[in-house]
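Working notes, beginning with the structure itself.
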Protein chains: 2
Amino acid sequence: MSTSEAGEEAAAAQPVRRLRRAERREQILDAATRAFARAGYAATGLDDIAAEAALTRAMLYRHFESKADLYRAVLDRACLRLAETTGADDFDDAAIPALLRAASADPDGFRLLFRYAAREPDFRELIDSITAASREVGRRNLARVIPEGPWLDWAANLIPGFTLEAVIAWLDAGRPDPEHAAERIAAAVHGVMAAAQP
Amino acid sequence: MSTSEAGEEAAAAQPVRRLRRAERREQILDAATRAFARAGYAATGLDDIAAEAALTRAMLYRHFESKADLYRAVLDRACLRLAETTGADDFDDAAIPALLRAASADPDGFRLLFRYAAREPDFRELIDSITAASREVGRRNLARVIPEGPWLDWAANLIPGFTLEAVIAWLDAGRPDPEHAAERIAAAVHGVMAAAQP
DNA sequence: CCACTTGTAGAACCCGAAGTATACATATAG
DNA sequence: CTATATGTATACTTCGGGTTCTACAAGTGG
């Protein structure tokens, strides 16, 4: 007890890693992304997030106004990263490698955006800028090979979500041969498109 | 005001349609299925359900122990109907027409089961009997055309969910030509399978 | 006509989780 | 060395929504 007052107990626990504000904010966003990606907004408590970040709840409030504010920041960053990695894609076949890159770069954010946020009424707006554009462009591309009608609607509704699910399934499968993964997923998408043709 | 004390106000409102217990229970389950199918368990309040059923909250508690109990009853009935309509399917191509029949017969229940309940940790168990079996059988069928490896995992993870999404998209598209819808969806599934082959 | 069931209306209670407050500890820049 | 930013710990308040309770109204079968 002479040299250090910190070591009162047997376990002298690491002396608390401190970060500067901006870095801590990022670290919290990382942790929150992981936590939210497990169960979505409603089912994830602030305690879960604090535990994931190895912090107390109080610290969360020093960086974010509220749970909703934190969630928005998480989604915003995930959207931003996605946009940066893919680069304003056209949602044709050329977009698939970009999606694979984006999903690899930020798997938790990717899953969160498309497995959960897409179905949460209060926050769907935040990613609508992405999904709306992709649906629109996707539909235009489809219209070149599928005649107007219910089966075009069917394909246009189905394919964007399917493409994203295929990418997530690729993540879940351990990201096998990244060289040709895009080709396979594109082939799968074409298979679905073919089924919608007359 | 002479013949009827009920008509105190201008609008004599229909004299409250009464049902016997069992029928009312079914009617509540119908309404709750619709309400839950819009936003899932957490985001749906008892007030929403009561409004949908055109009843007061108190009545809900005369028929169900709790919100969770009601939800379980809703899911159970939807599972039961599904099982009855499809009849212990094998989740090969022969199952697709059965799924279309089931989705047509109970669209709200179908959507609820596979769009929401499948992602709700607390209740997933209730439909796991279905999804687990379908995944298992589906994987065995896939293993006949795809060699063991990550792409088999990929397809096995992706296809069951995709099939269900394809059925829901068909509902959303207005159920076009039911005669050949199963063929188209089967073709789409085959297209995905083909993409997983070497 | 009576008893019973089905129904309304709404206040009150309760609990978990979000959000707030205060006191204290200590790395680290300057 | 000291000031300050970063952090812990914990108790407290607030709030929404599920749950309970009480009081009353009225259709229906025996």
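Protein chains get the first letters and strands the later ones, always in sequence-line order, with residue 1 at the start of each.
- Note on A/R21: only backbone sugar-phosphate atoms sit closer than 4.0 angstrom, heavy atoms only; bases stay farther off.
- Side-chain nitrogen and oxygen atoms of A/R20 include none within less than 4.0 Å of the OP1 or OP2 phosphate oxygen of D/dT6.
- A/R18 has no side-chain polar atom (N or O) that falls below the 4.0 Å cut-off from OP1 or OP2 of C/dT28.
- Shown here is A/E23, whose CD atom has more than 12 heavy atoms of other residues, nucleotides or ligands within 6.0 Å.
- The CZ-P distance, from A/R17 to D/dT8, rounds to 13 Å in whole Å.
- Note: NE2 (A/H63) to C1' (D/dT6) measures 8 Å, nearest angstrom.
- Between the CG atom of B/L46 and the P atom of D/dT19 there is a distance of 6 Å, given to the nearest Å.
- Between B/T56 and C/dT8 there is a side-chain polar atom (N or O) within less than 4.0 angstrom of OP1 or OP2.
- Candidate nucleotides C/dA18, C/dG7, D/dG18 were compared by shortest atom distance to the side chain of B/L19, and C/dG7 ranks first.
- Under a 3.5 Å cut-off, the side chain of A/W154 and the backbone N or O of A/G149 do not form any donor-acceptor pair.
- Look at OH on B/Y61: it is 13 Å from P on D/dG17, rounded to the nearest Å.
- Rounded to an integer number of Å, the gap from CG of B/L60 to C1' of D/dG17 is 14 Å.
- With rounding to whole Å, B/L55 atom CG is found 13 Å from C/dA9 atom C1'.
- With hydrogens and angles ignored, a donor-acceptor pair under 3.5 angstrom links the side chain of A/R62 to the base of D/dT8.
- Rounded to an integer number of Å, the gap from B/F64 CZ to D/dT19 P is 13 Å.
- Per the geometry, CE belonging to A/M59 stands 10 Å off C1' belonging to D/dT8, to the nearest Å.
- Donor-acceptor pairing under 3.5 Å, judged by distance alone, is absent between the side chain of A/R24 and the base of D/dG7.
- Heavy-atom distances to DNA chain C give each of A/D47 and A/A58 a nearest nucleotide, and the one nearer the 5′ end belongs to A/D47.
- Annotation: of the two residues near DNA chain D, A/A22 and B/A68, the 5′-most nearest-nucleotide partner is A/A22.
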Please evaluate residues B/R77 and B/D30 with respect to the criterion salt bridge (charged side-chain N to carboxylate O under 4.0 Å, His left out), reporting the C-alpha separation (whole Å), side-chain torsions for both, the decisive distance (0.1 Å), and the verdict. CA-CA 10 Å; B/R77 197 183 63 158; B/D30 290 341; 2.8 Å; yes

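- Side-chain atoms of B/Y71 and B/F123, non-hydrogen and from C-beta on, do get closer than 4.5 Å to each other.
- At least one cation-pi condition fails for A/K67 and A/Y61: the charged atom is not both under 6.0 angstrom from the six-membered ring centre and inside a 45 degree cone around its axis.
- The residue B/R57 sits close to a base: some heavy atom pair falls under 4.0 Å.
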